[in-house]
Amino acid sequence: KQNGADFALIVTPYYNKPTQKGLISHYTKLANEVDIPQILYNVPSRTACDILPETVEILSTHNNIVGIKEAVDSKERIDDLITISSNNQNFQLFSGDDPSFIKMIQKGGDGVISVAANVVPSKISEICKLVEEKKHDEATFIDNTLSNLYDLLFIESNPIPVKWALHKMGLCDSGIRLPLLELSNECKAVLQNDLKELNLI
């Protein structure tokens, strides 16, 4: 907030595996103590801890908790979260899973916080716009052209591939902090071919 951020995206605490009550206390304390709109980030594949929909529902009533970035691709989960969002107009649902984000927003989700959007921001934005305009066939067509990119951006641990892709596009340097290393040569070749097919390099 002191540096001028508009929102804070806050990931579920990792390693210590809190209970759902612990998650409620954790997020509530942050929301009480820092007056900035906060978005929950649920990515249990990285944190080994899952924010369940019933926990999200409780947290969604806090004025400073304005949404969730949900990385679990589950129909039942998304349906539950869409219901929560629909019942609270101040709480928005964002996908955190590029390969499935179009399905979420077609069901009523509010958008995506995307890895691929770092590489193809205009295309991800256009997909969202077309869905909003109910032009689902056009949106799906563009999404399908990006399906290989979605996969390749996770060919090694994120953000290794996306950082290298942006470097190849001339948008950043090639450095990356340990314990992450630069993309391996064999993966570079595959990702570079896709970037060329998409006319990005």
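- The other members of the hydrophobic cluster of Leu59, by chain and number, are Ile10, Leu23, Ile24, Tyr27, Leu30, Leu40, Ile51, Val56, Ile58, Ile65, Ile68, Ile78, Leu81, Ile82, Ile84, Phe91, Leu93, Met104 (side-chain heavy atoms under 4.5 Å, ILVMFWY only).
- Under a hydrophobic clustering in which Ile, Leu, Val, Met, Phe, Trp and Tyr are joined whenever their side-chain heavy atoms come within less than 4.5 Å, directly or via other members, Ile142 and Leu195 fall into the same cluster.
- Taken together through direct or relayed side-chain contacts under 4.5 Å among Ile, Leu, Val, Met, Phe, Trp and Tyr, Leu180 and Val11 form parts of separate hydrophobic clusters.
- Within the model, atoms NZ of Lys1 and CD1 of Ile36 stand 7.0 Å from one another, a figure rounded to the nearest 0.5 Å.
- Minimum heavy-atom separation, Leu191 to Pro161: CD2-O, 3.5 Å.
- Proximity of a side-chain donor or acceptor of Glu138 to a complementary backbone N or O of Lys134 within less than 3.5 Å is not detected.
- Grouping the Ile, Leu, Val, Met, Phe, Trp and Tyr side chains by contacts below 4.5 angstrom, directly or via other members, places Leu9 apart from Val115.
- In plain terms, the two heavy atoms of Gly96 and Ala71 that are nearest each other are O-CB, 3.8 Å.
- In this structure, Leu52 CG and Glu57 CD are separated by 12.0 Å, a value rounded to the nearest 0.5 Å.
- The distance from atom NZ of Lys107 to atom OG of Ser100, rounded to the nearest 0.5 Å, is 10.0 Å.
- With no hydrogens or angles considered, a side-chain donor-acceptor pair links Glu70 and Asn42 at under 3.5 Å.
- Linking ILVMFWY residues whenever their side-chain heavy atoms come closer than 4.5 Å, directly or via other members, places Leu171 and Val120 in the same cluster.
- Results of the side-chain contact (heavy atoms from CB on, under 4.5 Å) test with Asp194 over Ile201, Asn148, Leu153, Asp151 single out Asn148 as the only residue that passes.
- Atom CG of Asn87 has more than 12 heavy atoms from other residues, nucleotides or ligands within 6.0 Å.
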Output, in order, the C-alpha distance, side-chain angles, deciding distance and verdict of side chain to side chain contact (heavy atoms under 4.5 Å, CB included) for Ser125 and Ser122. CA-CA 5 Å; Ser125 178; Ser122 60; 5.6 Å; no
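- Shortest non-hydrogen contact noted between Leu149 and Ala116 is CD2-CB, 4.5 Å.
- Within a 6.0 Å radius of CD in Glu54, more than 12 heavy atoms belonging to other residues, nucleotides or ligands are found.
- Nearest heavy atom pair, residue His26 against residue Pro13, reads NE2-CG, 3.5 Å.
- Between the side chain of Thr140 and the main chain of His136, a donor-acceptor pair closer than 3.5 Å is present.
- The minimum heavy-atom distance linking Arg46 with Asn158 is given by the pair NH2-O, 2.8 Å.
- Side-chain contact between Lys75 and Asp79 is present, with heavy atoms from C-beta onward closer than 4.5 Å.
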Does Lys188 form a salt bridge (charged side-chain N to carboxylate O under 4.0 Å, His left out) with Glu182? I'd like the steps, not just the answer. CA-CA 9 Å; Lys188 284 179 182 178; Glu182 187 175 303; 2.4 Å; yes
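- Taking the side chain as every heavy atom from C-beta outward, Thr12 and Pro44 never approach each other to under 4.5 Å.
- In this structure, Val112 and Cys128 have side chains that are in contact, with non-hydrogen atoms separated by less than 4.5 Å.
- Between atom CG of residue Leu183 and atom CD of residue Glu156 there is a gap of 4.5 Å, rounded to the nearest 0.5 Å.
- Within the model, atoms CD1 of Ile39 and CG of Asn64 stand 12.0 Å from one another, a figure rounded to the nearest 0.5 Å.
- Geometrically, Lys69 engages Tyr41 in a cation-pi contact, judged by NZ or CZ lying under 6.0 Å from the ring centre and within 45° of the ring axis.
- The shortest side-chain heavy-atom distance between Thr47 and Tyr15 does not fall under the 4.5 Å cut-off.
- The side-chain heavy atoms of Val66 and Asn90, taken from C-beta on, include no pair separated by under 4.5 Å.
- In the hydrophobic cluster analysis, where Ile, Leu, Val, Met, Phe, Trp and Tyr join through side-chain heavy atoms closer than 4.5 angstrom, Tyr150 is grouped apart from Val72.
- Note that the CG atom of Asp50 and the NZ atom of Lys17 stand 12.5 Å from one another [nearest 0.5 Å].
- Residues Ser85 and Asp110 are in side-chain contact: their nearest non-hydrogen atoms beyond the backbone lie under 4.5 Å apart.
- Taking a 6.0 Å sphere around CG of Asn63, one finds it holds 12 or fewer heavy atoms contributed by other residues, nucleotides or ligands.
- For the pair Asp98 and Ser114, the tightest heavy-atom approach, listed with the atom from each and the gap, is OD1-OG, 2.9 Å.
- The side-chain heavy atoms of Lys103 and Asp143, taken from C-beta on, include no pair separated by under 4.5 Å.
- Here the side chains of Pro18 and Cys49 are in contact, with some heavy-atom distance below 4.5 Å.
- Although no hydrogens or angles enter the test, the distance criterion places no donor-acceptor pair under 3.5 Å between the side chain of Asn118 and the main chain of Leu166.
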